[in-house]
Structures are given as C-alpha cells and as structure tokens.
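Take a look at the structure below.
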2 protein chains.
Amino acid sequence: MTSSADGPAQRPSKRERTLAALVEAGLELFEQQGYEATTVAQIARAAGVTEMTFFRYFAAKEHLLLDDPYDPVLIAAIGAQPRSDPPFLRAARGIRAAWRALPEPETPVIRRRVRIAARTPALRGATWRSTGNTERAIVEQLVTDGAEPEVAGVAAASVLAALVAGLFAWAEHETQTLAEAIERALDVIDVAS
Amino acid sequence: MTSSADGPAQRPSKRERTLAALVEAGLELFEQQGYEATTVAQIARAAGVTEMTFFRYFAAKEHLLLDDPYDPVLIAAIGAQPRSDPPFLRAARGIRAAWRALPEPETPVIRRRVRIAARTPALRGATWRSTGNTERAIVEQLVTDGAEPEVAGVAAASVLAALVAGLFAWAEHETQTLAEAIERALDVIDVAS
DNA sequence: TCCGAAAATGTTAGCTACTAACATTATGGC
DNA sequence: GCCATAATGTTAGTAGCTAACATTTTCGGA
C-alpha cells in the first residue's frame, strides 16, 4: 500500500510530525492563556505526547519560541563593511545589508512567536539572552577587523538590542513587512548616515 | 544594659542584619562555586536562616544580584536634552550627563555583583530584563518629548544595551573607574558627536 | 518590669521546570 | 516478517518558588 504514486511528497517522519504538533499546540495555548499560565504538561497533552517527550524536542519551555538561523549571513555582511567606519556603524550597516539581501520569510508563524515573546516580560530577557551566540559572532568579526574587544562588545550588544526592539515593534504592526521594520530600527541608531 | 551611650549609631535592626547576611553569603558562594551550582538552600543555611526566609527578602534567586536605583536621575537627564537631537542621541547623551553628575558609588560590592552577572550566561539575559523598568521610563520620556513610540523603543533598548555592556566590561577591569567605563561605552555608540 | 501587638521566622505541603536511568513500543530497511 | 534503532513512556528525583498556618522575637508602652 505504500506504492510510489501515493502522494507527491514524502510523508513527514514521525519526528517531524511530533515536532509540528508540539509547536502548534504551544503557540495555541500561549496565545489563549499566556506563556506563564501554560504548562509544559498541557502542551504535551495537547500534542498527544508526554511531558518527557517535550523536553526531548526542546531543552527548555522557552525554546519553543526562540530560534534564529541567520547568524552566518549577518556576520559575513558585517565583515564586508569598510574598515574605515567605526565598529558600531559597521555592525549596524552590516545587519542592514544582510537583511536587504534576504528573502521575506514565512512571516505568519514567526510573527506569532515574536508577538508572544514581546508580550511576556520574562521572555523579553530570554530573547536577548538567546542572541548570545549572534553577539559573540559579531564581536569576533569586529575584533578580527581591528576593533578593541570592549568596543566591539558594546557595539554588538547595542545593535542587536535595536534589532530585537525592531522585531518586537514589527510583531504588533500587521501592516509592516519585516524588512521595513528592520530598516526603521536601524535608521534610529544609525544617526550619522 | 541598653543604655543610651552604648554605641554611636543605632544597632541595625534584625531585618537589616539578615539581609546583609544573605547578600554576603550569596556573593561568597556564587564566587566560589558559580551561580547555577549554588542553591538557595545553601545560601540560606550559610546565613543562618531558612530557604523560606530567603524568598521573603528576594522574590527570586537572581534578585540577590540585581537592583538599580538610578532610574529617576537618568530620565531627568534625558528630558533635559535638546529636542532638536534625534531620540537615540538624546538617550545616549542624557545617560552620559547623568553619570557625570553622580558620585562614584561604593564600587566593591557592585563590582562583585556585576562580575558574577557578566560571567553567568543565564544572568546576562536576566540583567537585561531587569532593565525593563528603566527602559519603560526612558521610552516614556522620549515619547513625551515627541518621539514615535517605536523609535523610542529602539533607542532606549539600544542605549541600555550599550550601558550594560559597558558595565560588564568594567567589572573585569580593576583599573577602570565606573564613570570611565560608562563614558567609553557611550562613545562607542555616539558616533556623530 | 512585664505584656501584648506586630514583625520575623519556621513548618509543611505542593506546583512547575527540568534531569537521569531504565523499560517499552513503534519505524523502516533488509 | 525480522531486527536494529529511533521514538516514546515510566518512575523518581532536584531546584526554584508559592501559600497557609504555627511559632518565636522584637520592641514600645502600661
């Protein structure tokens, strides 16, 4: 019965199905009752699975909302900025350039996630912490290009904070595209343009 | 025996003594074994008190390290900036002005706390979240002065991130004063000076 | 000096996030 | 259909944190 002409694409594996079920159940419940009021056990049950399984897919409750696959593109773009600019401007303009070159992602799910994060105080902090890898990568790139470590640290933290703030603002404005929101956020801090 | 000429200053109340014991025990243990490896029960026991009592003094474990009494001075200084400048510069320069006017605080304890926070990944996020009140206040001030809310949000987040990054850098450099570190951090982002 | 209200602390019990060790079931290639 | 292995379940436990109630300590006034 698993003949070749059955379906066009491969049926998703069990792992993929469970993952999708957990994400969907989590977003639903977070939106309905709020992040803190929602229990991992509830999410698991709604996805037809046990609490233990949830933690096999996400190391922590908040990980259901946070992941960012953009790091490599960002740091490449920052490295491409002219070294005559100060580190802060290189970081800001590198991120801007990277985002211009990216296609608009499937925003609906992303917007749901960012909106929940933006509205949950505990998660705003978690969001910033989750940018830790990106921050380290940016610092490394800036230092490689000759910046002092402390200066690079300040520049990276500051630019990333602006980016996150722009994301939060975008999540609440249905009319804006992600690219527009990022541009606006970077305009705010890139005052010497 | 409780005659008036006993001691020069009032003996600290029991509440003050317990608080001091908890803070000292917490810093000691965090420095020795790290933040995550230290248990609230351990801190309480070292301070001669119960776990429950700890939570009567601090709403959460991380609160032993985080508190910032500087908000009012900051927002007043931001409000005093010329409105002809864009919001981002008003925020950055307001903070700079405020810090110039402040006396150097008793740095030893502060430095210990910041250093622990800077070295514990989980606490870097918590530090940023703990700036939430300050951020709201700055946004409010900027909006009052005519900035759009989204612009104000980006400016506040970005400037505060720079400030925190400067604090973290300062905690690791014994030779620097707090004021110098703040100045340096703000120099990084205030590129149009 | 004694006393009583209020502050400070203790006790117990419980919830939720998260981890570890081990047992069980389902999947999918051969 | 068989079997290695992936996926999931079970059980038990730790740590942060909360709530309800009991007990002790402090401290100002009669």
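Heavy-atom basis, side chains included; hydrogens, waters and symmetry copies ignored. Bear in mind the structure is a predicted one, so any value in this text is a computation, not a measurement.
Taking the charged nitrogens against the carboxylate oxygens, Arg90(A) and Asp85(A) have no contact shorter than 4.0 Å, which rules out a salt bridge. Salt bridge status for Arg184(B) with Glu148(A): present, with a side-chain N to carboxylate O gap under 4.0 Å.
Geometrically, Lys61(B) engages Tyr35(B) in a cation-pi contact, judged by NZ or CZ lying under 6.0 Å from the ring centre and within 45° of the ring axis. A cation-pi arrangement is present between Arg15(A) and Tyr57(A), with the terminal nitrogen or guanidinium carbon under 6.0 Å from the aromatic centre and inside a 45° cone about the axis. At least one test fails for Arg115(A) against the ring of Phe30(A): distance under 6.0 Å to the centre or angle within 45° of the axis.
Remark: His173(B) pairs with Glu150(A) by the side-chain hydrogen bond (donor to acceptor under 3.5 Å, both in side chains) rule, at least two apart or across chains. Applying the side-chain hydrogen bond (donor to acceptor under 3.5 Å, both in side chains) criterion to Arg136(A), with sequence neighbours excluded, gives Asn133(A). For Glu180(B), the side-chain hydrogen bond (donor to acceptor under 3.5 Å, both in side chains) test picks out no residue, with sequence neighbours left out.
With hydrogens and angles ignored, the 3.5 Å screen pairs no side-chain donor or acceptor of Thr53(A) with any backbone N or O of Val49(A). A donor-acceptor pair is defined here as one N or O able to donate and one able to accept, closer than 3.5 Å; no such pair exists between the side chain of Ser158(A) and the backbone of Ala161(B).
Taking atom CZ of residue Arg15(B) and atom P of nucleotide dA6(C), one finds them 17 Å apart after rounding to whole Å. Between the CG atom of Leu19(A) and the C1' atom of dT8(D) there is a distance of 15 Å, given to the nearest Å. Protein atom CZ of Phe54(B) is 8 Å distant from nucleotide atom P of dC17(D), rounded to whole Å. Atom C1' of nucleotide dT8(D) and atom CG of Leu22(A) are separated by 12 Å, given to the nearest angstrom.
More than 12 heavy-atom neighbours from other residues, nucleotides or ligands sit within 6.0 angstrom of CD on Gln176(B).
Within residues 57-65 of chain A, the residues that place at least one heavy atom under 4.0 Å from DNA chain C are, in residue-number order, Ala59(A), Ala60(A), Lys61(A). Using a 4.0 Å cut-off on heavy atoms, the residues of residues 32-51 of chain B that approach DNA chain C are Val49(B), Thr50(B), listed by number.
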Sub-3.5 Å pairs of nitrogen or oxygen atoms, protein against nucleotides 21-26 of chain C:
none

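Taking side-chain N and O atoms only, Thr18(B) has no distance below 4.0 Å to OP1 or OP2 of dA8(C).
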